[in-house]
Amino acid sequence: MTMRFCRYCDGPLTDPDDTVLLWHEEGMSGPGRDIYAHRAHADLVEPDTSVASILARVLIAKAMRPGT
């Protein structure tokens with residue numbers, strides 16, 4: 001069995017009735033992974049925006065480059 005951890009508090013999720021599947025994160029070189037949280041923390045977790053931020057910086061730099 002795979003050990004799961006809460007995305008909000010990093011605590012282990014040992015009780016299936018207290019575990020909530022939040023979403024699935026795609027992987028760069030694999031199948032990705034499911035993101036879980038304790039039931040009490042499910043509404044407190046926000047998605048990781050770092051990937052969108054990096055993509056926005058790349059697109060801005062590309063748009064500012066002359067000749068494109």
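Note that the structure is a prediction, hence the values are computed from the model and not measured.
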### Task
Any ring pair (Phe, Tyr, Trp, His ring centres under 6.0 Å) involving residues 5-36? Give me the pairs, sequence neighbours left out, ordered by first then second residue.
Y8-H41
### Query
How long is the span from the CG atom in L21 to the CZ atom in R4, to the nearest 0.5 Å?
8.0 Å
#### Entry: Set of salt bridge (Lys or Arg N to Asp or Glu O under 4.0 Å) partners for R39, sequence neighbours left out
none
#### Entry: Exercise: identify the closest heavy-atom pair between H38 and P12
NE2-O, 3.4 Å
### Query
Taking only residues at least two apart or on different chains, which pairs with a member in residues 21-35 satisfy salt bridge (Lys or Arg N to Asp or Glu O under 4.0 Å)?
R7-E25, E25-R33
### Set of side chain to side chain donor-acceptor pair (under 3.5 Å) partners for S53, sequence neighbours left out
none
### Message
On a heavy-atom basis, which atom in V45 and which in A37 lie closest, and how many Å separate them?
### Response
CG2-CB, 4.1 Å
### Sequence-distant partners of D15, side chain to side chain contact (heavy atoms under 4.5 Å, CB included), two or more places apart
D17, D18
### Query
With sequence neighbours excluded, what pairs up with A56 under the side chain to side chain contact (heavy atoms under 4.5 Å, CB included) test?
none
### Summary
Joining Ile, Leu, Val, Met, Phe, Trp and Tyr whenever any side-chain heavy atoms lie under 4.5 Å apart, the cluster holding L55 also takes in L59
